[in-house]
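All heavy atoms count here, side chains included; hydrogens, waters and symmetry mates do not. Atoms within a ligand are numbered from 1 in the order they appear, just like the ligands themselves.
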Amino acid sequence: MSKAATIGTTKAEQNNIRAIIGSSYNKLYSQFQSDDLTEVGNYKILDPIGEGSFGKVYLACHKLTHRKVVLKTSDKKDPNIVREVFYHRQFNYPHITRLYEVIVTENKVWMALEYCPGKELYDHLLKMKRIPINQCVELFSQICGAVYYTHSLNCVHRDLKLENILLDKNGRAKLTDFGFTRECMTKSLLETVCGTTVYMAPEITERKVYDGFKIDVWALGVILYTIMTGSMPFDEDDQTKVKWKIINEMPDFSSDAITEDARDLLTRLLSKNPAERPSVKEILSHPFLQPFGQTILQETDSILLKQRDGTMRFHSKKERRLLKMLRRSGFDIRAIKNSVIKRKCDNLSGLWFLLLDQQGTHEHMLKPRRTRSILSVRKVFDNQKPNEENSHEDGIIKSTLELTKVGSVGKLLGQQENIPPSSSEKKRDNATFDDKGSHADTMGVSSVLLNSKTHDQSQLRMSSMPLMRTESPRKNNNIFKRVSDFFKTKKHINQVGMTDEFKGSDTYQADMDASPNRSISFATLKKATFDETVSEKPKKSSPLKSNADVKLDKKAADAQKSTLVSSSAKGTSGKEDLAFYDQPIVKRFKSTTSSENSRQVSGGTYDVDSLHIIRSSYSDIKASPKLSQSRPLSNTSQFSNDTNTSDYSTDGNLTFGNSFDSSARPTPKHNGSQYSLNSNSDLNIKPTSSRRYLRRNLSVQSEASTTSERSSRTDSFYDITTTTNLVKQPFRDKSSTTNRDSVLPHFSTQKGVNGWSTSPKNSYMLPRRSSLGRRRRAKKPSFLNNSQHGPDDVIREESSSVDEDSDVPQQNFPMNVAKRTLSAGNDPVQNATLGVDNDVDNADNQSPVNGVLRHSFSFHKSTSPSPKLRNFSEGSQWTAFHNDSKSFMTGTEDDGSISNADNGDNEDNGDIDENDE
Ligand SMILES: Nc1ncnc2c1ncn2[C@@H]1O[C@H](COP(=O)(O)OP(=O)(O)OP(=O)(O)O)[C@@H](O)[C@H]1O
């Protein structure tokens, strides 16, 4: 018997099988070869939605929960990614995008972030031209809440701008992009120049040491001004002029949009003297932000309290229920808890938070919604005296209305799934709309909820719209027909007395109750004013619609009114006012970080150029009497005389010792600068331009550049960077470590392997933001591409007890000594005491890195084979202890503390540590 016969196939069948196997094989092979990624970890990549400086941003789906997330990729070589992850994972706040998971692959770091479909506040502003005052107040309070939260944890963001504020599906603000964040506990005055020019405080622009909190407050002022007026407070085409304005000019407060209270707040926020700027707490208490400010403040305080004591973890009903479910399903609860508590951002904590989110959504979906329209209808009926005409319907209507009290509208109308009403549902149906806030997030999270009271109401109302607008979903549904008939007979209600009717209705009252100080809720504004769905939709569907339309038209009118309130006050028509903003010119800049290292070690051209030009411009400004009057030079506007001499030095240190009082108006020494030659002609600073533009601003960490590069760049801070060898960075001069505001947690590269340093201090820093469409993509320096950064480099936390502020320079401190000193990771007893997580990269760790007091991220050449994905080490929970400086300084990993050396902005970062093998 032939072989073919033994397996029962003919030759043709055999060929067929062979072809199938071949094609499957090829398919698998091509999958392996393909550059297109379809999946990363538990996430299925759906669509690219953006692009950052170091990688793309994708919309993705978590395969286990089907939750949409954003996957932000970053090149491992981007030093800011470490900083971003390091800080972002510490934050757990409703107005900060949630970082679910971090996946580290061979060359990339993938961050799974909360998806914010509302895009950036920048885009929102562009679309709207100008944001109505109520919405401004609400959004700004939320932004301030996020900043208040980070400041309370002793962290400063340093790149606050419209582009870094996203809007979630409910239009709530979410702060994101923590690439420039650092803690300010160990160093109150910072030196690193970073941010985005148009958002930069005068003290940074002048390259003075600065209080990180105060520069965030300044940026908040710029944000508030921009969203209120639709233009930026300090904006010019020329970056130098921008800087000049920031230092010398007050913004134009003549816009109609700026109310008295707003002006008062803005004046404080944009005070040239940082000491005069309020704290974020004070901002939230300002009358202009009420009632949102106080609400957010209280909620944030409550969140902070809960997070600090840590006792509330896994205690909420939702969390306990989820734990129970997971336990029943056979999950290792302890591992999940451990992962969440230690903020490991691994797949377990990712799953946990996504499930929590999912639960929230499901709860929301399962709970039947009582639509506002029905309430209004009921009100109409309630007010209706029974009469002959509809008495025959009364029975039905009555029973229907009774049903609404105990059952869901969905059930009543047969619209939704047949969900039996639960007891809680019944309760809820009996409750007023004010009870919506009770579906609190687990973390006590809801400052949102307090605000979202009105959101929910509006959403509920909106959610009812399709129902009301379209033809009866069930055409043969008696209720609709009868209700429709009823309204037909009662046309006068709609035509004549609807306004009064509406005013007397539950809907209106509930709205007013919920937002006593606002004429209109955010969601309504959003829907009615911006989407223009209400007024533009043809009124032709069910007669019931007329009710809703009247209500929404009223809302839309209110919204319109509030948008244009100031213009009418000034006697200009709203149309004109909006037309003024109709053609925003969108430009983007990059934000910058320029390390102090550059100032000390090489160059100094940064300051010199900018300040020199600013000074150069002074003669022009002086020539303009109008300007010289309108530009009071603040006390803080002091420039170094010495900078003149270092202007053209390629290696000259920039000294800030001697500053001159700008009021003395010295004549700058030009010394033949290529910049000074142009500066006079360039700087035709005009008086406050009648029209300013909204610009797209790009974050740049500008560290060093050659003159040629500098001249080729157009962005704000490229003109002010220093000269540094781009190709091979020397080890950092050990003597130059003190008095510097570092940029990263310790970020070292193994000597001799890569031949270049990732140090922001020593290396060429790439722009943080690049273009997509309107953005310019940062060109990658070739040395990065040629880097031999090995596939088996691993990121890990490393022990060190070196205090940044101690006399011993960090990089001189032998790492092996540090490791010996902190060898808790090897000691099981101590590990238990310290709550050390021994899971972290054990396979890769050649040194006892667990139980560390200080987190230092380093690239290490691992001796073990490199896995594709690696565990991501847990986040220190220092946030819980930031108030307790004693425990913070001496605490352990488990008690949430880190050493004061762990500032995430360490000078040493990126340096090649010779002792670090
Ligand atoms: N959580 C998110 N939800 C929705 N869209 C997002 C989210 N995060 C980022 N995006 C989008 O992706 C784009 C790029 O993201 P992002 O600006 O954060 O990248 P980046 O690497 O930080 O850029 P850069 O460093 O240059 O600022 C943005 O335009 C933003 O709209």
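Using a 4.0 Å cut-off between charged side-chain N and carboxylate O, Lys76 and Glu106 make no salt bridge.
The proximity of Lys174 to ligand 1, defined as any non-hydrogen pair under 4.0 Å, does not occur for either the backbone or the side chain. Looking at Leu166 against ligand 1, only its side chain comes within 4.0 Å, counting heavy atoms.
Close approach of ligand 1 to Glu114 is summarised as follows: ligand atoms under 4.0 Å from at least one heavy atom of the residue are 1 (N), 2 (C), 3 (N). Atom numbering of ligand 1 starts at 1 in the shown order; those under 4.0 Å from a heavy atom of Asp177 are 22 (O), 27 (O). The Glu120 neighbourhood of ligand 1 comprises atoms 28 (C), 29 (O), 30 (C), 31 (O), with distances under 4.0 Å to a heavy atom of that residue.
The closest approach between Lys119 and ligand 1 stays at or above 4.0 Å for every heavy atom of the residue.
Proximity of a side-chain donor or acceptor of Trp218 to a complementary backbone N or O of Met200 within less than 3.5 Å is detected.
Any N or O atom pair closer than 3.5 Å counts here, and Cys116 shares at least one such pair with ligand 1. When only interatomic distances are considered, the shortest N/O to N/O separation between Tyr115 and ligand 1 does not fall below 3.5 Å. For Thr97, no nitrogen or oxygen atom sits less than 3.5 Å from a nitrogen or oxygen atom of ligand 1, counting backbone and side chain alike. Every N/O-N/O distance between Glu51 and ligand 1 stays at or above 3.5 Å. Geometrically, ligand 1 and Asn164 share no nitrogen or oxygen pair separated by less than 3.5 Å.
Aromatic pair His157/Phe180: centroids not less than 6.0 angstrom apart.
Here Leu121 contributes atom CG and Ile131 contributes atom CD1; the two are 5.0 Å apart, rounded to the nearest 0.5 Å. For the atom pair Cys345 SG and Leu99 CG, the distance stands at 4.0 Å (nearest 0.5 Å). Distance check: Ser152 OG to Gln307 CD gives 10.5 Å after rounding to the nearest 0.5 Å.
For atom 11 (C) of ligand 1, the nearest non-hydrogen atom from the set Leu167, Val57, Asp159 comes from Val57.
Under the rule for a salt bridge (charged side-chain N to carboxylate O under 4.0 Å, His left out), Lys68 has no partner lying at least two apart in sequence or in another chain.
At least one test fails for Arg182 against the ring of Tyr87: distance under 6.0 Å to the centre or angle within 45° of the axis.
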